[in-house]
Amino acid sequence: MIRSGEYIRDLFQRPVGESVTARGWVKTRRDSKGIHFVQLNDGSCFQDLQVVIEAGVIPDDTLTAITTGACIAVAGELVESPASGQAVELKASSITIYGMSDPATYPLQKKGHTMEFLREKAHLRPRSNTFGAVFRVRNALSYAIHTFFQERGFLYVHTPVITASDCEGAGAMFGVTTLDMMNLPRTEEGAIDYGQDFFGKPAYLTVSGQLEGEIFALAFSNIYTFGPTFRAENSNTPRHLAEFWMIEPEMAFCDLDDNRALAEEFLKYIIQYVLDRCAPDLEFFNKRIDNTVLQTLEHVASAPFEHITYTDAISILKDSGRNWEFPVYWGADLQSEHERYLTEEKFQRPVVVTDYPKQIKAFYMRDNDDGRTVRAMDVLAPRIGEIIGGSQREERYDVLLEKIRAQRLPEEAYWWYLELRKYGSAPHSGFGLGLERMLMYLTGMKNIRDVIPFPRTPGSAEF
RNA sequence: UCCCCGUUAGCUCAACGGCAGAGCAUUCGGCUGUUAACCGAAGGGUUGGUGGUUCGAAUCCACCACGGGGAGCCA
């Protein structure tokens, strides 16, 4: 295996003259008379290691096997590069071929491919420049998220992936069953008898860890979840996945203002973290994917977010003089076109909208004293829309019970959620961030299917 | 789920009712240090599927499949 200090990114830091071995996959090869250049990459950094092979050093049959996609080890000496493009290069003295790659059939060429084509080659696309950069940034982002919360004393809690509570209420759920679909057990009334199923009742893949997160926040004060989430919505857009990763912090003794401040601090922290640690990858995105991405990230990391209430937002939209496809009136939910106007034209920065009408938000959000709005917040970002959704939770038993009844939700399913308000309740708040949405924002990638290793969408679960 | 657009060589695209083409990739040859190298040549096609219109269909029509963009739902 490659040990710490032996990755290609480490070799760039070694002194000239040292004997080293590099292992990796051949990205391209260029030949001149009497000299060969091989770009080698092991995934550790964006930059390839240039291997120089002088005539006669390597046997001919080895040389022929060094083609795009092949896996090789190169032993040799680090030398100063006489040409521009890299400071050091590896002068080969011996080469081992681990795995050949027939150039007649290898699907990736050294010049550009469309994202759609590469998506069909999800087993090979991690070796490409774009996807190498995407997944290094994804890794750094994940680490930044943990670091942010851990530094602030938050407890990382693993909420369940399989849930038998049908009260999460955030969209269509995937069923989990071991029943024989060809021979379903029936009750006397003719319904499916889930009593005979694995869990003795219907079970699903989670759509959110929030409600369980609240349990832990009311014991550990500050907590966060970070795990996979599943939605069986038939959404066919570049911004939706059936399986995605979500981060959900939940804080006791926290009102909506604290919540909003934490969301802003959090976003700025993770953006700055990635700016600091993934500079070469981000430069690539800025050059090849979206030439505004660096400027946008630096701006967002430093400038304060805009904060308006929903009621303000409606006024602004009404006063804009635009003809909206969806009508703007108090009580209507904000549509994509409205969010885009606010973030991309009116304010040109992330905008936090708070205090939405209670009719368009979830039952668990805390009522404001005006009787018509709740303490909800959405963080809207230019280009991708809603990136964070959150709220202060209703902590008053009687009010929560009333809200559950008003929305005609099955009261008994929420018994434990209600008991949290009965025994030692506290004001608390939280929010959710979609990892892939954030990654789109960081990289400028246009389709969410290209920021997750193996995307799952309606009609598609390959690899 | 709805509305548009697309599907032609390994890839990206042209040809839009009358002989199926180019660039890149691949192979071969050339080039004394290349940087998504360069120069020359060659090979490579059941035009997504099924039906229909027509003397003749990659091209027009219908349905299906797959992909993309927008919308809804949302993270």
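Here the structure is a predicted model, which is why all the values come from computation and not from measurement.
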### Message
Quick test of your reading of the model: are A:Asp450 and A:Arg119 salt-bridged, counting only N-O distances below 4.0 Å?
### Response
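Salt bridge present between A:Asp450 and A:Arg119.
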Looking at [X], does any N or O in its side chain come under 4.0 Å of the phosphate oxygens OP1/OP2 on [N]?
{"X": "A:Ser336", "N": "B:G72", "value": "yes"}
{"X": "A:Arg340", "N": "B:A71", "value": "yes"}
{"X": "A:Asn447", "N": "B:G69", "value": "yes"}
{"X": "A:Gln335", "N": "B:G72", "value": "yes"}
{"X": "A:Thr28", "N": "B:A37", "value": "yes"}

Fit a plane to each ring of [X] and [Y], take the angle between them on a 0 to 90° scale, and name the class: parallel (under 30°), tilted (30 to 60°) or perpendicular (over 60°).
{"X": "A:Phe46", "Y": "A:Phe284", "answer": "tilted"}
{"X": "A:Tyr156", "Y": "A:His158", "answer": "perpendicular"}
{"X": "A:Phe266", "Y": "A:Phe431", "answer": "tilted"}
{"X": "A:Phe230", "Y": "A:Phe174", "answer": "perpendicular"}

Given [options], the nucleotide with the shortest approach to the side chain of [X]:
{"X": "A:Glu116", "options": "B:A25, B:C73, B:G67", "value": "B:G67"}
{"X": "A:Arg449", "options": "B:A25, B:G68, B:C73", "value": "B:G68"}
{"X": "A:His240", "options": "B:G68, B:U27, B:C74", "value": "B:C74"}

Under 3.5 Å, is there a donor-acceptor pair linking the side chains of [X] and [Y]?
{"X": "A:Asn139", "Y": "A:Ser142", "answer": "no"}
{"X": "A:Tyr364", "Y": "A:Gln210", "answer": "yes"}
{"X": "A:Tyr98", "Y": "A:Arg23", "answer": "yes"}

### Query
Among A:Arg30, A:Arg29, A:Gln47, whose side chain to side chain contact (heavy atoms under 4.5 Å, CB included) with A:Gln39 holds?
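Among the candidates, only A:Arg30 passes.
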#### Entry: Test side chain to side chain contact (heavy atoms under 4.5 Å, CB included) applied to A:Leu141 and A:Val451, A:Ile247, A:Ile271, A:Ile270, the passing residue
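Per the side chain to side chain contact (heavy atoms under 4.5 Å, CB included) rule, the option paired with A:Leu141 is A:Ile270, out of A:Val451, A:Ile247, A:Ile271, A:Ile270.
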Considering only nitrogen or oxygen atoms on both sides, find all protein atoms under 3.5 Å from nucleotides 32-35 of chain B and state each distance.
from: B:G33; atom 1: OP1; to: A:Ser32; atom 2: OG; distance (Å): 2.9
from: B:G33; atom 1: N1; to: A:Glu89; atom 2: OE2; distance (Å): 2.7
from: B:G33; atom 1: N2; to: A:Glu89; atom 2: OE1; distance (Å): 2.6
from: B:G33; atom 1: N2; to: A:Glu89; atom 2: OE2; distance (Å): 2.8
from: B:U34; atom 1: O2'; to: A:Arg30; atom 2: NE; distance (Å): 3.0
from: B:U34; atom 1: O2; to: A:Arg30; atom 2: NE; distance (Å): 2.7
from: B:U34; atom 1: O2; to: A:Arg30; atom 2: NH2; distance (Å): 2.7
from: B:U34; atom 1: O2; to: A:Gln50; atom 2: OE1; distance (Å): 3.4
from: B:U34; atom 1: N3; to: A:Gln50; atom 2: OE1; distance (Å): 2.9
from: B:U34; atom 1: N3; to: A:Gln50; atom 2: NE2; distance (Å): 2.9
from: B:U34; atom 1: O4; to: A:Gln50; atom 2: NE2; distance (Å): 2.4
from: B:U34; atom 1: O4; to: A:Gln86; atom 2: NE2; distance (Å): 3.3
from: B:U35; atom 1: O2; to: A:Gln86; atom 2: OE1; distance (Å): 3.1
from: B:U35; atom 1: N3; to: A:Ser84; atom 2: O; distance (Å): 3.0
from: B:U35; atom 1: N3; to: A:Gln86; atom 2: OE1; distance (Å): 3.3
from: B:U35; atom 1: N3; to: A:Gln86; atom 2: NE2; distance (Å): 3.2
from: B:U35; atom 1: O4; to: A:Ser84; atom 2: O; distance (Å): 2.6
from: B:U35; atom 1: O4; to: A:Gln86; atom 2: NE2; distance (Å): 3.3

Counting the atoms with a prime plus P, OP1 and OP2 as sugar-phosphate, which does [X] contact under 4.0 Å by heavy atoms, base, sugar-phosphate, or nothing?
{"X": "A:Phe244", "value": "base"}
{"X": "A:Leu241", "value": "base"}
{"X": "A:Thr114", "value": "sugar-phosphate"}
{"X": "A:Phe326", "value": "sugar-phosphate"}
{"X": "A:Arg288", "value": "base"}
{"X": "A:Asn236", "value": "base"}

Using the [atom1] atom in both, what is the distance from [N] to [M], to the nearest Å?
{"N": "B:A57", "M": "B:G51", "atom1": "C1'", "answer": "14 Å"}
{"N": "B:C11", "M": "B:G45", "atom1": "C1'", "answer": "15 Å"}
{"N": "B:U7", "M": "B:G43", "atom1": "P", "answer": "27 Å"}

### Query
When you look for runs of 3 or more Watson-Crick or G-U pairs in a row, both distances below 3.5 Å, which of them include RNA chain B?
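Counting only runs of 3 or more consecutive pairs, the stems involving RNA chain B are B:1-7 with B:65-71, B:10-13 with B:21-24, B:26-30 with B:38-42, B:48-52 with B:60-64.
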#### Entry: Base B:G67 to side chain A:Glu120, donor-acceptor N/O within 3.5 Å cut-off
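It does not, because no donor-acceptor pair links the side chain of A:Glu120 to the base of B:G67 below 3.5 Å.
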